[in-house]
Amino acid sequence: MGRLEGRVALITGAGAGIGRAAAILFASEGARIMIAELKPELGEATRRLVGDAGGEAACVETDVTDEAQVKRAVAETVRRFGKLDVLYNCAGGSIAEDRPVTEVDLHVWDHTISLDLKGTFLCCRHAIPKIIETGGGAVVNMSSLAALRGVPTHIYSAAKGGVISLTRSLAATYALQKVRVNAICPGFVLSERVRGRFGGGGEASVVARTAKRYPFGVGEPIDIARIALFLSSDESRMITGVSVPADGGMSVF
C-alpha cells in the first residue's frame, strides 16, 4: 500500500518543477491529485504524466493570488474527489528584479509578497477547513533557504520568512483539529525555471558556480518532492510547525 493510499492532494504550481515532481510522486504513492496551475497547458501536461504513471489527476486553472480562483480550486477538488487530505503550496518563486530595499522597485514587493505569501495564506484559508472536515491531514508550505540566511534578494527573503512564521502559527492553531502544517526551505534546485533563468551548462554557468558552494550539491525537483511526501504522510505524524532546510548543507555553513 502506498504512503498516501486513498488520500486526495491539492498541489499548487504543479505544472512544472517541484510541483510536477510531487504530483507524479504523490500519485505513485496512492493519492489522487488536483493540479492547481496558472498555465492550463502545463497543468494538462502534468496530468498526462500522472496518468501515464498509472495515477489519477485533474487540473484546475488557478492564480493563487486571486481568492475567488483559490476558493474555486478547493471546491473543485472536493467536488471531483469527495474530500481533501493534503495541501501542498508549491506555487511561487523569486523574480530577477529583486534587489536590496534601497534599490528595488515597489512592484517587485507587491508581486513577490502576493505570490509567495498571500498565495500561501489564501490556499490555507480555504483548504484547511476542508481538511478538518476530512478528519485531519497535512499542509506543506514552500519557504526557502533565503528565509534562513542573509541574502540580497530582500523581498523574496521577506516573503519566505513570512511563510515560516505563518506555518508555525497555523500549526499551533489547528493542531487540535489534527491538521499538521510544516514548511520546506529548499536551496538552489535545478527546476526548468532555474535552468532557463540561470543556464545549466558549462563550468562558467551560474548553476555550476553555485553548485560548488553547496556541501552536498544542488538539488533536483524530486529531492524536494520526496520531503513533501514524507511531511504529507503518516510517517511524519509527530512533526508539525517545523521548517525543514533542504539546501545541501548551506544553512549550516
Side-chain angles (χ1 to χ4, degrees), residues 11-20 36-43 61-73 88-126 141-170 183-202 204-211 213-214 218-219 221 224 243 245-247 250-251:
I11 304 176
T12 69
I18 296 168
R20 173 175 285 180
E37 171 57 48
L38 179 63
K39 298 179 180 179
E41 67 279 9
L42 294 180
E61 182 178 353
T62 310
D63 177 351
V64 297
T65 70
D66 184 315
E67 184 168 20
Q69 292 190 40
V70 170
K71 188 175 181 179
R72 183 187 67 198
Y88 184 15
N89 281 310
C90 205
S94 63
I95 58 176
E97 294 85 356
D98 203 336
R99 295 287 188 277
V101 295
T102 53
E103 305 168 18
V104 71
D105 191 281
L106 282 179
H107 90 272
V108 178
W109 172 272
D110 293 337
H111 169 86
T112 305
I113 295 295
S114 184
L115 175 60
D116 290 301
L117 183 53
K118 180 185 176 184
T120 299
F121 158 77
L122 288 176
C123 291
C124 290
R125 176 184 178 90
H126 291 286
N141 295 326
M142 190 67 81
S143 184
S144 172
L145 170 64
L148 304 176
R149 298 190 67 183
V151 296
T153 53
H154 292 177
I155 313 307
Y156 183 65
S157 297
K160 291 303 190 179
V163 169
I164 289 177
S165 293
L166 178 64
T167 296
R168 189 179 299 116
S169 179
L170 291 170
I184 305 173
C185 299
F188 205 70
V189 177
L190 294 177
S191 64
E192 296 96 323
R193 182 181 65 85
V194 167
R195 291 181 189 275
R197 179 173 165 185
F198 297 105
S205 72
V206 173
V207 169
R209 295 199 308 271
T210 301
R213 297 170 51 214
Y214 280 69
V218 298
I224 310 304
S243 298
D247 55 16
M250 279 292 286
S251 61

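Heavy-atom basis, side chains included; hydrogens, waters and symmetry copies ignored.
When all heavy atoms of Asp66 and Ala68 are compared, the pair lying nearest together is OD1-N, 2.9 Å. In terms of heavy-atom proximity, Leu122 sits nearest to Val64 at CD1-O, 3.4 Å. The shortest non-hydrogen separation linking Pro221 to Val189 is N-CG1, 3.7 Å. Across all their heavy atoms, Ser143 and Ala147 have their closest contact at OG-CB, 3.6 Å. In terms of heavy atoms, Ser251 sits closest to Pro245 at OG-CB, 3.6 Å. Across every non-hydrogen atom of Gly93 and Tyr156, the tightest pair is C-CE1, 3.6 Å.
Taking 4.5 Å as the limit, every side-chain heavy atom of Glu61 sits out of range of all side-chain heavy atoms of Glu37. Under the 4.5 Å side-chain criterion, counting only non-hydrogen atoms from C-beta, Thr12 is in contact with Cys123. Residues Leu145 and Pro186 fail the side-chain proximity criterion, which asks for heavy atoms closer than 4.5 Å. Residues Ile95 and His111 form a side-chain contact, since some pair of their non-hydrogen atoms from C-beta on lies under 4.5 Å apart. Using a 4.5 Å heavy-atom threshold, the side chains of Ile18 and Tyr88 count as touching. Put simply, the side chain of Ile184 does not reach to within 4.5 Å of the side chain of Ser243, judged on heavy atoms.
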Inset, instruction - Start with the C-alpha distance between Leu117 and Val163, add both sets of side-chain angles, then the distance that settles side-chain contact (heavy atoms from CB on, under 4.5 Å), and finish with yes or no. - result: CA-CA 6 Å; Leu117 183 53; Val163 169; 4.1 Å; yes
Legend entry - From CA spacing to verdict: side-chain contact (heavy atoms from CB on, under 4.5 Å), Cys124, Asn89: CA-CA 8 Å; Cys124 290; Asn89 281 310; 3.6 Å; yes
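Between the side chain of Thr65 and the backbone N or O of Leu115, no donor-acceptor pair lies under 3.5 Å.
For residues 111-126, the set of pairs meeting the salt bridge (charged side-chain N to carboxylate O under 4.0 Å, His left out) definition, not counting sequence neighbours, comprises Glu67-Arg125, Asp116-Lys160.
Tested against Cys185 for a side chain to side chain contact (heavy atoms under 4.5 Å, CB included), the candidates Asn141, Ile164, Asp247 yield a single pass: Ile164. Tested against Glu97 for a side chain to side chain contact (heavy atoms under 4.5 Å, CB included), the candidates Thr112, Asp105, Val108, Val104 yield a single pass: Val108.
Rounded to the nearest 0.5 Å, atoms NE2 (His154) and CH2 (Trp109) are 12.0 Å apart.
Judged as a salt bridge (charged side-chain N to carboxylate O under 4.0 Å, His left out), and not counting sequence neighbours, Glu103 has no contacts.
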